[in-house]
2 protein chains.
Amino acid sequence: MLISTKGRYALRVMIDLAEHQTDDFISLRGIAQRQEISEKYLESIIRMLVKARVLESLRGKGGGYKLKKAPEQYTVGSILRLTEESLAPVSCLEEGSDACPKAGKCRTLPLWQGLDKVINEYLEGVTIADLMEQGDVGDNYVI
Amino acid sequence: MLISTKGRYALRVMIDLAEHQTDDFISLRGIAQRQEISEKYLESIIRMLVKARVLESLRGKGGGYKLKKAPEQYTVGSILRLTEESLAPVSCLEEGSDACPKAGKCRTLPLWQGLDKVINEYLEGVTIADLMEQGDVGDNYVI
DNA sequence: TATAATCCTAGCAGGAAGGTAGGAATTGAA
DNA sequence: TTCAATTCCTACCTTCCTGCTAGGATTATA
């Protein structure tokens, strides 16, 4: 499995915020209740999004979260990359992993590179806006 | 990460057997040494391939393993499906998992179905023969 | 000052990945 | 017949990650 609950929940948070967008901040509690996810767990996920400056936050009464940009400007890939350690299909392609000494003569490396490319292109071709309403999806978002 | 060492090693076994194909059976020890993988671990992986009737085996002296079909006839996807529990990118698409009660109104399900499709199409488009010699790769096997 | 909210650190249970160990069964050859 | 080479089978172990929980510190509003 490539995508953990962290990544899936992060996307659902983004969609929820996009769908309930106003000038006000939206509280964790509201998101958690609508999405039926534990507040405490969701908290840790949302904090990643705040740290990555994808969300704006405000503490104290009336506080909460808000998207920083328009939903069209967030690709699915850019969000998943924040919560998943890596989207690489195999460990040898993970960022920060040293180049494999056998890379030159590896029979399968090109296979994994190709798979990686296909996955990334797909995930970069879909935005949060595309996910908001089924039936009004982007060109790249074809099942 | 989508693909475990089990899957990667299984592919390497298939390639090794394809490249050293004769009428004789090829021993586990030989494969393990060429691929620099622990004999004991490789043994458990190869047994999956034998059980799935992808390989033919012979016990005793002079025994070993052999491909049952030509390398062109094994897609990468068909091999990986034997060793990986599931190639689905998210748990809700795994075979045998009950349909999610929220599937009807799920904002992200089509996203995952699309990703699943892209991954499977890619992996079905490459065969063991494609992996044998770089430079002589199939049409679908483009980086 | 009370209350509502986010921030922060720590920890934990369960399962899977990756690998090891030891021996039983089978086959071919001396 | 016996020995050596080989696959088959079962059990186990360690380490890491996922998914989740707990408890409190900090900040803003009314």
Side-chain angles (χ1 to χ4, degrees), chain A residues 1-10 12-13 17 23-33 35-66 80 82-92 94 97, chain B residues 1-10 12-13 17 23-33 35-66 80 82-92 94 97:
Chain A
M1 202 185 332
L2 187 63
I3 311 290
S4 65
T5 56
K6 252 180 233 165
R8 291 190 281 127
Y9 289 176
R12 282 165 64 182
V13 166
L17 288 174
D23 282 347
D24 294 338
F25 286 84
I26 296 168
S27 75
L28 167 63
R29 165 163 299 168
I31 303 169
Q33 282 175 352
Q35 300 298 324
E36 300 180 64
I37 300 171
S38 128
E39 269 184 58
K40 275 297 183 185
Y41 189 39
L42 203 52
E43 198 187 315
S44 64
I45 293 166
I46 288 188
R47 220 168 35 244
M48 297 184 203
L49 300 176
V50 172
K51 268 193 180 163
R53 301 172 181 284
V54 160
L55 297 184
E56 200 173 344
S57 69
L58 181 69
R59 286 160 80 149
K61 200 164 186 176
Y65 305 94
K66 193 193 277 188
L80 293 179
L82 298 175
T83 55
E84 307 299 305
E85 259 310 289
S86 162
L87 289 179
V90 292
S91 56
C92 61
E94 279 171 17
S97 77
Chain B
M1 200 185 334
L2 187 63
I3 312 289
S4 66
T5 56
K6 253 180 234 165
R8 290 190 282 125
Y9 290 176
R12 283 165 62 184
V13 167
L17 288 175
D23 281 346
D24 293 338
F25 286 83
I26 297 168
S27 75
L28 166 64
R29 166 163 299 168
I31 303 169
Q33 281 174 353
Q35 300 299 323
E36 299 180 64
I37 300 171
S38 130
E39 269 183 58
K40 275 297 184 184
Y41 188 38
L42 203 51
E43 197 187 314
S44 64
I45 292 164
I46 288 187
R47 222 171 30 244
M48 297 184 203
L49 300 176
V50 172
K51 269 191 182 164
R53 301 172 182 283
V54 159
L55 298 184
E56 200 173 343
S57 70
L58 180 69
R59 287 161 80 152
K61 201 163 184 176
Y65 305 94
K66 194 192 278 189
L80 293 180
L82 298 175
T83 55
E84 307 299 306
E85 260 308 290
S86 162
L87 288 179
V90 292
S91 56
C92 60
E94 278 170 18
S97 78

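Every chain is numbered from 1 and lettered A, B, ... according to where its sequence line falls, protein lines coming before strand lines. What you see is a predicted model, and the numbers here were worked out from it, not measured in a lab.
Comparing atom distances between the B:V50 side chain and each of C:dA29, D:dC8, D:dA28 picks out D:dC8 as nearest. Here the side chain of B:K40 is nearest to one of C:dT6, D:dA30, C:dG22, namely C:dG22. Comparing D:dT29, D:dC8, C:dG19 against the side chain of B:T5 picks out C:dG19 as the nearest.
For D:dT26, its base sits under 3.5 Å from the side chain of A:R59 at one donor and acceptor pair at least. Not a single donor-acceptor contact under 3.5 angstrom links the side-chain atoms of A:E43 to the base of D:dC20.
Contacts of B:E85 with the nucleic acid, taken as non-hydrogen atoms under 4.0 Å apart, are absent. Among the protein residues, B:I46 comes within range of no part of the nucleic acid, since none of its heavy atoms lies under 4.0 Å from any strand. Heavy atoms of B:Y65 sit under 4.0 angstrom from primed sugar atoms or phosphate atoms, though from no base atom.
Using a 4.5 Å cut-off on side-chain heavy atoms (C-beta onward), A:E43 and A:L28 make contact. Taking the side chain as every heavy atom from C-beta outward, B:S86 and A:M1 never approach each other to under 4.5 Å. In this structure, the side chains of A:I45 and A:I37 stay at 4.5 Å or more apart for every pair of heavy atoms. When side chains are defined from C-beta on, B:E94 does not count as touching B:E85, because their heavy atoms never get closer than 4.5 Å.
Along DNA chain D, the nucleotide closest to A:L58 and the one closest to A:I3 are compared, and the more 5′ of them pairs with A:I3. In this structure, B:I26 and A:S44 both approach DNA chain D, and ranking their closest nucleotides by distance from the 5' end singles out B:I26.
Rounding to whole angstrom units, CD1 of residue A:I37 and C1' of D:dG19 are separated by 12 Å. In this structure, CD of A:E56 is placed 14 Å from P of C:dT6, rounded to the nearest angstrom. B:L55 places its CG atom 10 Å from the P atom of D:dC8, with the value rounded to the nearest Å. Spacing between atom CG of B:L28 and atom P of C:dA25 amounts to 20 Å, rounded to whole angstrom units.
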